[in-house]
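The sequence lines fix the lettering, A, B, ..., with proteins before strands; numbering per chain opens at 1. None of these values were measured; they are calculated from a predicted model.
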Protein chains: 2
Amino acid sequence: MSYPVFAVTVDLVVLTVREGELQVLLVRRGCEPFLDRWALPGGFVLADEDLATAARRELAEETGLDGPGGHLEQLASYGAPERDPRGRVVTVAYLALLPDLPAPTAGTDAAEAEWRPVGQTGLAFDHDRILADGIERARSKLEYTPLAAAFCPPEFTVAALRQVYEAVWGESIDPRNFHRKATTTPGFIDPTGGATEGGTGRPARLYRRGEASLLNPPLLRRRLDG
Amino acid sequence: MSYPVFAVTVDLVVLTVREGELQVLLVRRGCEPFLDRWALPGGFVLADEDLATAARRELAEETGLDGPGGHLEQLASYGAPERDPRGRVVTVAYLALLPDLPAPTAGTDAAEAEWRPVGQTGLAFDHDRILADGIERARSKLEYTPLAAAFCPPEFTVAALRQVYEAVWGESIDPRNFHRKATTTPGFIDPTGGATEGGTGRPARLYRRGEASLLNPPLLRRRLDG
DNA sequence: CCTTTTCTCGTCACCTTGACGATAATCGTC
DNA sequence: GACGATTATCGTCAAGGTGACGAGAAAAGG
């Protein structure tokens, strides 16, 4: 039995909240095809490597990060016959949510890598589509899981968490209602006992990410229509 | 630049509601590896074929069905290095939701294909895991989308729709509250004007699947805990 | 005609949410 | 040190959704 031969890559939709907006990590391609075009970071899966392992390796290579912070999950796979002019390539896209930590793209290779506001189009291959799918997944995940905390440092305030929601969803949220929701939904966030110092206004209590995997009840964004 | 060589397959988690319970289409393997073991139906992606096209082709081959009824979506990809002893194979799993139509597995090839209650384990490869992921996806989809109608024939009653929910979720639902929810959520179901005849009890109105892609508000199952 | 069955509609208490007022705790300035 | 600005936190209230459950409507069968 013979069967077609494929190459398999992983591509990463790495999202963070910087400067009050949702941004994505993009690299400028240094070789053909799509030379000099912006693209999602990614690379080939090695011969003896699991898909998730390849995704973690690429993420570490591009960002220098690896630790327990943030979140990485499989997004979807894309395998249209003509998506890569070099041949038959199937890519498994992963979605990463990272806090806005100091090391901005201070990794290693990846010609130039930069944080760019989402909404930029004209990416290489079918990466416009993959990015759009990743953003929608992130927006949806914030509704049903406590993963917004993956965008925050280990300890954060309710206001910081709210600003994540506002940046990812692109809509403003009432601070008082959000505070009630965040502090009363079981397993969403846990108080550390500490508080912020030195800022303007009343000091805010600090929280850690809660242990729940699902928000119950969920925190739904406003839907315009069905 | 050289890179590892892969084979790519699609595997299908085909679910239906039969005899009041959730069932999955399984085939008995006719060749090594895992000879005679139950497995999800699937096959290799052809040289010039898109992933979704391959999934639709396999679905048609195994079930004989193809029409507009039902629902097919990508589930996830699985590519552990040792998941197939023949070599490096990445599989893209698809989830199909089908009504319980007459032609039960009356397709073509696929040595023996049968509807089996979900919950059966001991499948070939990593298909236990894929099946579990598919079931969880289906349960979740029923919460946020009108896709339960994909398990029903084109025209159906509210009671039939409720029985789909009960079978997929494995819990009983109050018929009166479900009726209110199904008939008042915009875009969930649309009345055809017709009604059932000849059954026992009061005739039930018939409905078609609504045009909404998302239930708003969603229809959440009971969660034991976060 | 009466019972059984199932569909459909109502009622009521409870909870969650959106809108928004009020208080608390800090900083900067005078 | 008093005062206003700023932000965090807590309360209040009405509207809407949900769970629990009663009751009528419309058929079949004896």
Side-chain angles (χ1 to χ4, degrees), chain A residues 20 142-144 146 152 155-166 169 171-207 212 214-226, chain B residues 20 142-144 146 152 155-166 169 171-207 212 214-226:
Chain A
L142 260 55
E143 296 189 301
Y144 307 112
C152 298
E155 299 197 353
F156 52 87
T157 66
V158 173
L161 193 67
R162 174 173 51 82
Q163 285 154 12
V164 166
Y165 275 89
E166 292 178 330
W169 285 352
E171 62 186 48
S172 60
I173 303 175
D174 183 277
R176 299 157 291 188
N177 290 335
F178 182 84
H179 186 277
R180 175 182 59 193
K181 178 70 178 175
T183 52
T184 62
T185 300
F188 195 177
I189 53 177
D190 294 323
T192 69
T196 56
E197 297 174 6
T200 176
R202 175 176 173 172
R205 281 184 265 214
L206 291 173
Y207 295 85
L214 246 50
L215 292 185
N216 189 15
L219 177 47
L220 300 176
R221 55 186 146 154
R222 291 182 77 67
R223 313 264 182 193
L224 305 179
D225 253 346
Chain B
L142 260 55
E143 295 189 302
Y144 308 112
C152 299
E155 301 197 352
F156 52 88
T157 66
V158 173
L161 193 66
R162 174 173 50 82
Q163 285 154 12
V164 166
Y165 275 89
E166 293 177 328
W169 286 351
E171 62 187 49
S172 60
I173 302 174
D174 182 277
R176 297 158 292 185
N177 290 336
F178 183 84
H179 186 275
R180 175 182 58 192
K181 177 71 179 176
T183 53
T184 63
T185 300
F188 194 177
I189 54 177
D190 294 324
T192 69
T196 56
E197 297 174 7
T200 176
R202 174 175 173 173
R205 282 184 266 215
L206 291 173
Y207 295 85
L214 245 50
L215 293 185
N216 189 15
L219 176 47
L220 300 176
R221 53 186 147 154
R222 293 179 74 69
R223 312 264 183 194
L224 305 180
D225 255 345

Could you check how far [atom1] of [X] sits from [atom2] of [N], rounded to whole Å?
{"X": "Glu197(B)", "N": "dA26(D)", "atom1": "CD", "atom2": "C1'", "result": "14 Å"}
{"X": "Phe178(B)", "N": "dT18(D)", "atom1": "CZ", "atom2": "C1'", "result": "14 Å"}
{"X": "Tyr165(A)", "N": "dG18(C)", "atom1": "OH", "atom2": "P", "result": "13 Å"}
{"X": "Asn216(A)", "N": "dC15(C)", "atom1": "CG", "atom2": "P", "result": "15 Å"}
{"X": "Arg223(B)", "N": "dC15(C)", "atom1": "CZ", "atom2": "P", "result": "20 Å"}

message: So, under a plain 3.5 Å distance rule, would you say the side chain of Arg176(B) forms a donor-acceptor pair with the base of dG10(C)?
response: no
message: With hydrogens left out and only the distance checked, is there a donor-acceptor pair under 3.5 Å joining Arg180(A)'s side chain and the base of dG18(C)?
response: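 Result: at least one qualifying N/O pair found.
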- prompt: Are the aromatic ring centres of Tyr165(B) and Phe178(B) under 6.0 angstrom apart?
  reply: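 Ring-ring flag for Tyr165(B)/Phe178(B): true, centres closer than 6.0 Å.
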message: Under 6.0 Å between ring centres: does that hold for Phe188(A) and Tyr207(A)?
response: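 No - the distance between ring centres of Phe188(A) and Tyr207(A) does not fall below the 6.0 Å cut-off.
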statement: The nucleotide from dG18(C), dC12(C), dT17(C) with an atom nearest the side chain of Asn177(A) is dG18(C)
message: Given dA8(D), dT8(C), dG21(C), identify the nucleotide with an atom nearest to the side chain of Ala159(A).
response: dA8(D)
Spacing of Arg180(B) atom CZ and Asp174(B) atom CG [to the nearest 0.5 Å]: 8.5 Å
query: Out of curiosity, Phe156(A) CZ to Leu161(A) CG, how far, rounded to the nearest 0.5 Å?
result: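 Between Phe156(A) CZ and Leu161(A) CG, I get 5.5 Å after rounding to 0.5 Å.
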Pair Arg221(B) + Glu143(B), salt bridge at N-O below 4.0 Å: yes
query: Can you name the nearest heavy-atom pair linking Pro146(B) to Ala212(B), along with the distance?
result: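 Looking at all heavy atoms of both residues, the shortest contact is CG-O, 3.1 Å.
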Nearest-nucleotide comparison on DNA chain D, the residue closer to the 5′ end among Asp174(B) and Pro217(B): Pro217(B)
task: Compare side-chain N and O positions of Lys181(A) against OP1 and OP2 of dT16(C) and report whether any pair is under 4.0 Å apart.
output: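 For dT16(C), OP1/OP2 do not have a side-chain N/O of Lys181(A) under 4.0 Å.
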message: Measuring to OP1 and OP2 of dA8(D), would you say a side-chain N or O of His179(A) lies under 4.0 angstrom away?
response: no
N/O contacts under 3.5 Å, protein versus nucleotides 27-30 of chain D?
none

- prompt: Using a cut-off of 4.0 Å on non-hydrogen atoms, how would the nucleic acid contact of Arg205(B) be classed: base, sugar-phosphate, or nothing?
  reply: sugar-phosphate
- prompt: Ignoring hydrogens and geometry, is there a side-chain-to-backbone donor-acceptor pair from Thr157(B) to Ala160(B) under 3.5 Å?
  reply: yes
